Amino acid sequence: MDNNDFSLSVALAAIEPSFAWCIGCGSCTATCSAAQFTEFNPRKINLLIQRGEVAAIKQELKKCMLCGKCQLICPRDVNTRKIIQNLKRIMQ
Amino acid sequence: MKAEGKKKVWSDYQKNIADNHYFYVRSCIRQTFFPGSETTFLKILRNNLSKDIFEDARHTTCTGIGYHTDIVPFETLMTIIARQFALMTEAGYSHFVPSCVTSFGIYTEVLDTWKHFPETEEKTREYLWKATKREFKVPDNLAHTSDIIYKFRENISAISKYRLVNRKTGEPLNVVEHIGCHYSKMFPSSGVGGAEFPAVLTGMVESWGGNVIDYPERRHCCGFGFRQYLVKANRGYSLSNSKKKFESMQPYKPDFIVANCPGCAMFLDRWQYTIAEMEGTTYDQFGMGIPVLTYEEMAGLVLGYSPWEMGMQMHQVSVEPLLDKIGVEYQKNEKYKGLHGQDIGKPQKPQFLIV
Amino acid sequence: MIRHFDPFVLPFIVGFTFLLTALAVLYSRWFIQLEAGSHPKILSAFFSLKTLNAIKEVFLECLIHRKIFKINPMLGYMHMSLAFGWFLLILFGKLETFIYTGRFANAIYYPIFFRFFELNPHQSALLNFFNISMDLLLLFVLSGVCLAIIKRFKSRVTGLKQTTKHTAGDRWALSTLWLIFPLRLLSESLTAAFSGNGSIITQPLGDFLGSFLPAQQLAYISWWGYSVCLGGFMAALPFSRYMHIPTEIFLIFLRNWGIFTNKKYSGVSNFELHACSRCGICIDVCPVNNESGRRTTQMVYFLRDLREKKLKHSITENCMMCGRCEQVCPVAIPLTTQRQIQRDKSMQKPFSDFSYLERISYNANEPKTEVLYFAGCMSHLTPGIRQSMIKILEASGIKYSFLDEKGPICCGRPLKLSGKTEEAQILSEKNRTLIMASGAHTLVTSCPICYKSFKEDYHLNIKILHHTEFIDQLLVKKQIAIQRSDEKIAYHDPCELGRGSAIYNQPRQIIRRVGQLVKHPDERENARCCGGSLANLSVTTSERNEIQQSVSSYLSSQPCDIIATACPMCKKSIGRFAEKPVKDIAELVASGLDESFMNEKAIKNQKYNELIFE
Amino acid sequence: MTEQKHIVIIGGGPAGLQAASGLKDSGHQITIIEKESTIGGKLNSWHKLFPEFQTANDISVYLINSINNSNTEVLKQTIVTKITRENNHFKISTAQNHSLKADAILLATGFELFRAEKKEEYGYGIYKNIITSADLESSFRQNGLKDLLLGKTHPRIGFIHCVGSRDKKCGNTYCSKVCCVTGVKQAIEIKQLIPHSQVFNFYMDLRMYGQNFEELYIEAQQDYSINFIRGRVSEIAENIDGTLQIKAEDTLSGRPLKMNFDLVILLAGMENRQDYDNIMDNNIKLSRSNGFIVPINRHVRPNETTIPGIFIAGTCREPLSIQETIADAKSAASTITEWINKQSN
Amino acid sequence: MGNLTDQLNKDIRFIEGLKACMNCGVCTAICPAAEFYQYDPRIICDTVQSGDDELIENLLRSETIWYCGECMSCKTRCPRGNTPGFIIMALRKLSQELGYFTDSEKGRQQFAIKRAIGNSILTTGYCVRPELVSPQHHPEQGPVWEWVYDNLPEVMEKTGANFKKSGPGALRQIEPEVLKELHQIFEITGGYSMFDIIEKHSVQKAHGMNLDPSSDGIDNQYFENTYTQNNGNHNH
């Protein structure tokens with residue numbers, strides 16, 4: 001953990017800090033359109049950002065269809081779609 | 001580090017260790033790699049401490065390694081163990097002393113299982129009777145050989161010839177103690193000092209003048225992992241675990257490592273060689289590695305036993321630097337000689353590790 | 001003979017020539033940049049009624065400013081007085097000089113500074129008539145200027161909540177513009193004071209001023225000022241919002257000849273861009289602005305930044321794409337298209353991998369299905385809608401199947417809106433194949449977002465209906481019937497369905513059958529954005545909530561029992577804060593279904609299929 | 001007016017004080033027996049109270065004032081040695097040789113903090129810079145962690161939840177209930193004190209059961225960017241530089257995780273280790289569960305023990321927050337008055 | 001509860017090992033295997049606790065259950081008194097009984113272990129004997145061991161071992177009648193049948209892989225394969 005790369009979470013925090021509000025309830029993953037067909041797991045992505053495990057995220061991100069369901073059901077009003085959107089831009 | 005804190009912990013784990021009349025069983029790994037240690041243990045008990053310790057030639061392995069590689073069923077294991085107990089009972093002993101930590105763990109586990117599931121003990125008695133017509137009593141006292149040495153550490157200290165002190169500087173030697181996982185992790189109360197800060201080796205080291213160092217990965221497994229070492233394809237597991245420990249202890253500049261588990265002692269010795277040859281790194285300043293002792297050898301040295309009769313030539317990491325620090329007198333050229341001084345050749349020198 | 005030159009006209013001439021050259025250069029460049037195929041189109045359309053229409057429109061929009069009048073007469077008058085008044089001044093001035101000199105061709109500045117050059121009062125009645133009318137026109141224009149000045153300092157007077165922030169070019173042009181006509185009045189009056197060539201306004205004013213001022217000297221200075229301002233204004237024009245005055249004229253012609261901005265940025269886009277008068281009408285209607293006081297992202301600023309090449313991602317992305325601004329834009333610029341183009345640009349190479357979709361295939365649960373129902377992602381979060389649709393479909397007795405029963409593949413519109421067109425296509429292709437595989441002749445969806453992309457991007461050769469259209473047809477063809485209740489229902493038009501797809505009537509027809517439809521100000525084209533829109537990629541959650549909150553409270557405050565809508569997203573956004581029950585039309589219908597009727601007609605459904613799906 | 005009775009309250013903490021002030025106008029004689037030299041109980045060692053950061057001192061001052069200039073008698077530094085029952089009253093004798101006749105006894109003996117050294121793997125009392133939540137409160141009272149962090153400006157600080165709670169290994173299967181929110185509260189306080197510190201909470205579940213607790217948790221995440229990791233810490237070891245290495249699993253990402261900390265705070269749970277049996281004479285037997293005293297009925301008679309005349313209030317019955325304790329003490333007071341009235345007619 | 005769960009519940013170590021897991025992850029935190037392999041004991045507990053036969057069968061056929069080193073560190077820590085290590089042992093037993101173990105690379109290694117350790121127990125009375133640790137299979141043992149290995153009788157004599165002689169002492173020869181008792185115990189307690197099951201399924205697998213397992217001993221292709229093959233997909 002001490003040698004993880006937190007640059008991404010720092011960069012993202014400047015644009016959209018709400019990823020840190022996640023309580024890991026997993027409802028985003030439960031509702032995710034992509035998650036019914038794949039292992040895609042928005043909850044985990046959100047977590048990996050916080051843990052600075054960037055490498056794992058990149059491939060995963062590509063599965064998101066940006067449909068925005070996650071946003072509608074998040075109990076903590078995490079701006080999930082904006083987060084993914086910006087991640088895509090940062091990592092591109 | 002606040003020592004008094006630890007002392008408090010130890011006080012919670014005062015283990016009852018019988019003080020005489022032991023029934024001794026050997027260890028697969030100990031007798032294979034460091035038979036001298038077992039010899040030394042018996043000598044110390046019989047000659048220095050004049051205790052009665054009996055070994056029955058008919059005892060066998062506890063099949064622990066087979067059990068922990070999952071090829072030997074629990075029932076078989078329990079019955080084999082029952083047989084050992086039977087031998088003990090027949091010999092009129094009731095204090096059972098295994099030389100192996102894995103065995104010790106297994107004996108503890110089996111006794112615990114019999115306590116919680118009496119039907120299993122019944123079944124085992126049945127099996128044993130069917131197979132060997134033997135019967136047994138459960139031992140009154142179960143102690144690992146290191147517990148025995150721990151119990152008599154002060155007596156040994158009283159008659160010691162050497163101290164675990166650097167003869168030149170007078171400084172106590174820095175000792176890394178490593179406890180076999182199965183000694184007390186499974187049943188903390190079965191080990192002297194419990195699972196977190198076992199006192200069994202620390203007690204010896206401290207009463208013989210040494211200074212035990214505590215390092216972050218102290219509790220970590222040496223990495224034997226049974227199948228993880230025995231199968232060539234898995235040895236990376238074994239190696240990486242030991243490596244983790246070496247890296248974690250290095251900054252404390254240990255003078256030697258002492259272990260109470262046959263496997264651990266051997267691995268911590270051999271993996272230093274492997275890492276040196278693979279990566280060109282050793283964990284001391286001189287490229288010779290950190291000497292790894294069995295607690296029997298440590299006791300033997302303190303009492304002035306000849307390192308070579310104790311079989312310390314069988315270590316891959318040379319022990320001489322340590323012997324010199326302590327000031328032990330020994331014959332350099334005797335090291336690789338046979339019992340009657342005959343020449344039986346010498347091991348080759350490793351590429352990197354200095355011997 | 002009369003003097004025909006004086007150095008003070010130089011500033012005007014310089015400014016004027018600069019303006020002409022500038023426009024010539026720019027317009028010809030943009031004209032060349034027009035999309036391939038536009039030029040022949042123009043040629044063919046040039047000699048046709050289209051051109052006449054264009055001229056009419058120019059007159060109505062650029063001079064009279066009809067649209068602005070509609071939105072708010074005060075503002076309309078202001079624009080008209082300035083534009084039309086000024087136009088007439090030029091026209092009458094020209095005529096006056098023509099009659100006076102008897103020559104048509106005069107120095108370009110001559111009519112403008114006529115009163116300076118011709119000091120003797122007119123003799124003929126005709127000329128006096130012109131003199132009078134010129135004075136009146138000047139008054140007319142000045143009234144506009146006054147309003148403009150008031151507007152700037154007290155915008156609410158002209159009915160605008162906010163007015164646009166200005167750039168340097170704007171400020172320069174603006175201040176010169178304000179000065180032009182007062183100075184003209186002053187110069188003419190002062191001149192009249194000593195020459196008596198004034199008319200009903202300038203003469204008395206001149207006499208009055210002359211009574212205590214050295215009229216002759218001041219007049220000359222004032223003429224200088226007048227010329228400088230004129231020249232200054234024209235010089236500043238290409239760099240200011242006033243660029244819209246000439247540009248709009250061209251744009252109207254292009255539009256009438258059928259030239260629009262399509263998917264790519266082209267020459268016409270430039271015309272559109274510069275035709276924006278920054279009137280600021282789009283600011284007031286913008287949901288993002290209204291609720292969150294964000295004053296950077298509205299179209300007027302978006303276009304300005306784009307024009308000045310300092311457009312930021314955050315600006316491009318912070319828009320609900322609800323299309324309300326486009327609705328009210330007096331210049332009728334295709335604003336959302338413009339923004340979409342910028343989004344497409346901002347997204348570099350594709351960054352998605354939907355290979356996992358390959359595994360999915362359509363397995364028909366029955367041999368032949370006529371109607372294919374696609375709930376859409378959002379409807380899966382509003383089971384009410386989904387279940388109601390099933391109930392209705394069952395009742396109708398049509399052979400249908402539920403494409404995304406197990407959960408949907410996104411229609412791709414959200415990706416498209418975020419500028420990832422290519423990636424969106426992968427999704428739409430996948431859905432397309434699934435839809436076609438079903439063999440259905442009609443596709444019904446509950447989600448306006450999906451509906452729009454089905455219509456626009458899917459190129460399906462089968463009927464595509466939003467469930468409101470579908471239900472309406474069912475009712476019209478008496479396939480289902482509902483018992484009418486006397487509940488008052490206010491309908492909220494979803495952006496994508498209303499402005500987006502021009503479906504306003506079907507929902508209302510259905511509601512009239514269910515209960516009483518309640519009218520309210522912000523409906524149809526003027527419907528508000530619910531705040532849920534997926535199009536906005538940078539709005540924060542709290543800003544989103546503010547928008548949802550105000551829409552909800554607006555709707556709740558209407559004299560109704562139920563708030564109805566036809567979009568799962570709207571339902572969720574409004575439902576979150578509304579004090580009154582929020583229902584989707586499908587739910588209203590499903591709950592009001594007339595069972596007895598159902599049974600009777602259950603037999604006839606085969607006929608029905610022939611009826612609507614010929 | 002019924003004849004005056006004598007009510008003895010054992011324990012001068014929040015529960016005892018509140019009960020006393022609830023009874024002071026009942027016309028009965030009230031005695032508080034407190035083993036410490038001051039009354040106020042654990043309140044005296046807390047700094048601020050969740051969820052609104054109310055100063056603990058204010059509360060104790062309030063409680064103490066509420067019994068001032070009433071005829072309530074307070075015996076400080078007094079330890080009860082024996083309680084015997086004599087026909088319809090009790091006799092209480094103390095180590096300080098008092099002998100009191102009591103018609104009713106209220107046990108407000110409170111709780112003891114779990115002895116964190118029992119979780120050896122966490123090395124409390126063995127490694128420096130491992131402290132309990134209580135230690136942290138007192139160092140807050142002495143204003144700051146300077147002595148602990150040696151002026152580090154960017155320290156990394158870890159909170160370990162459920163220490164001595166929900167843990168069979170140390171015999172406490174129950175949840176101590178207040179540690180979750182305490183951890184969140186203290187994390188925030190640390191952030192306020194050392195803005196550049198990195199704070200991590202290791203939890204199994206966060207049980208934000210009370211009004212505004214969840215809001216505090218949200219605040220911790222949103223305004224103080226405190227990190228929460230769902231995973232129980234397995235062990236702590238000291239590095240050569242004195243920092244602490246912890247091991248845990250980040251169960252939400254399913255990865256083992258190793259981190260170094262400058263300071264680790266153990267959120268020690270509540271225990272009731274009072275040896276009542278020794279004090280009570282043989283015919284008085286309180287029923288206990290997990291060490292806490294069991295009332296006749298948790299729902300409707302929470303303050304009455306199985307022995308008529310002996311009542312309970314506060315955390316000697318179950319883990320409670322300060323607010324709950326005080327509410328409980330109020331109910332205990334009225335229960336006692338009712339009971340006495342019943343007795344006398 | 002599924003059928004596999006029932007079978008697991010027959011194993012005392014399973015009953016002992018899994019009481020009620022609350023997924024706190026402390027076992028994974030302490031686990032040496034989790035640091036090295038893609039391995040998470042918590043998830044294994046969770047899976048067996050789910051009682052879902054399909055999931056458990058996948059587990060029994062997976063590499064995962066063979067990663068544990070049985071150091072039992074997890075037993076010390078679990079706040080609910082579970083022992084993931086025991087659960088693993090129960091799973092491995094079942095995986096072998098059902099023949100699932102040959103589906104995984106790590107599982108197939110049971111063959112090598114049986115041939116080496118199993119046979120050693122039965123023939124020498126000890127799991128490990130110096131003869132078994134050939135420098136060829138154990139390069140990591142280093143030159144000193146090579147020297148020991150080449151001079152076993154002398155070296156052992158010097159250290160006071162009773163190498164291959166009768167009577168007590170280290171490395172003594174275990175007498176035939178003792179071995180007989182051992183065999184009978186294996187016979188009666190199911191030790192042999194476990195060996196046979198391992199042999200049976202392994203031999204089948206060997207043929208499936210076109211590798212010769214030979215009748216016994218360690219000089220054959222399948223031993224070589226199971227003893228040395230590592231596809232490198234096991235670690236983080």
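Predicted, not measured: the structure shown is a model, and the values here were computed from it. Protein chains get the first letters and strands the later ones, always in sequence-line order, with residue 1 at the start of each.
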* Phe86(E) versus chain B, the contacting section by heavy-atom distance below 4.5 Å -> side chain
* Answer with side chain, backbone, both or neither: which region of His59(B) has an atom nearer than 4.5 Å to a non-hydrogen atom of chain E? => both
* Asked: If you count heavy-atom pairs under 4.5 Å between each of Arg30(B), Lys130(B), Glu109(B), Lys349(B) and chain E, which one has the most?
  -> Glu109(B)
* In terms of heavy-atom proximity below 4.5 Å to chain E, should Asn234(B) be classed as side chain, backbone, both, or neither? -> both
* Tell me, side chain or backbone of Lys244(B) under 4.5 Å from chain E's heavy atoms, or both, or neither? -> side chain
* Quick one: what part of Lys106(E) sits under 4.5 Å from any heavy atom of chain B, side chain, backbone, both or neither? -> both
* Side chain, backbone, both or neither of Tyr24(B) within contact of chain E (heavy atoms, under 4.5 Å) -> neither
* Structure fact -> If you tally heavy-atom pairs under 4.5 Å between each of Gly118(E), Ala116(E), Cys68(E), Gly167(E) and chain B, the highest tally belongs to Cys68(E)
* Structure fact -> Nearest heavy-atom contact between Pro143(E) and Pro347(B) is O-CB, 3.8 Å
* Tell me, with the steps shown, if Thr159(E) and Glu309(B) meet side chain to side chain contact (heavy atoms under 4.5 Å, CB included). => CA-CA 5 Å; Thr159(E) 61; Glu309(B) 281 172 22; over 6 Å; no
* To do: Among Lys93(E), Arg77(E), Gln96(E), single out the residue with the greatest number of heavy-atom pairs under 4.5 Å to chain B.
  => Arg77(E)
* Would you call the rings of Phe36(E) and Tyr237(B) parallel, tilted or perpendicular if under 30° counts as parallel and over 60° as perpendicular? -> perpendicular
* Structure fact -> Turns out that what part of Met266(B) lies under 4.5 Å from chain E's heavy atoms comes down to side chain
* Asked: Of the backbone (N, CA, C, O) and the side chain (C-beta and beyond), which part of Gln348(B) lies under 4.5 Å from a heavy atom of chain E, both, or neither?
  -> both
* Considering the options His138(E), Glu140(E), Gln141(E), which one meets the side chain to side chain donor-acceptor pair (under 3.5 Å) requirement together with Arg270(B)? -> Gln141(E)
* Asked: So which part of Ser166(E) gets closer than 4.5 Å to some heavy atom of chain B, the side chain, the backbone, both or neither?
  -> neither
* Given that the side chain runs from C-beta out, which part of Gln313(B) has a heavy atom under 4.5 Å from chain E: side chain, backbone, both or neither? -> both
* Contact origin within Glu55(B) toward chain E - heavy atom pairs under 4.5 Å -> both
* Can we say Glu70(E) and Arg227(B) salt-bridge, meaning some charged N sits less than 4.0 Å from an Asp/Glu carboxylate O? -> no
* To do: Could you look at Thr120(B) and say if it's the side chain, the backbone, both or neither that has a heavy atom under 4.5 Å from chain E?
  => side chain
* Segment of Tyr336(B) engaging chain E (4.5 angstrom heavy-atom cut-off) -> both
* Proximal component of Ser240(B), with respect to chain E [non-hydrogen, under 4.5 Å] -> side chain
* **Which atoms of Trp271(B) approach chain E - backbone, side chain, both or neither, heavy atom under 4.5 Å** => side chain
* To do: Ignoring hydrogens and angles, state whether a donor on the side chain of Tyr127(B) or Gln184(E) is under 3.5 Å from an acceptor on the partner side chain.
  => no
* Residue selection (most heavy-atom pairs with chain B, distance under 4.5 Å) from Ile188(E), Asn230(E), Asn162(E), Leu132(E) -> Ile188(E)
* Structure fact -> Applying a strict 4.5 Å limit to non-hydrogen atoms, the region of Asn241(B) in contact with chain E is side chain
* Asked: Where the side chain of Gln109(E) meets the backbone of Val231(B), is there a donor-acceptor pair that is under 3.5 Å apart?
  -> no
* Kindly determine whether Met72(E) and His68(B) satisfy side chain to side chain contact (heavy atoms under 4.5 Å, CB included), including the steps that lead there. => CA-CA 10 Å; Met72(E) 299 297 164; His68(B) 281 299; 4.2 Å; yes
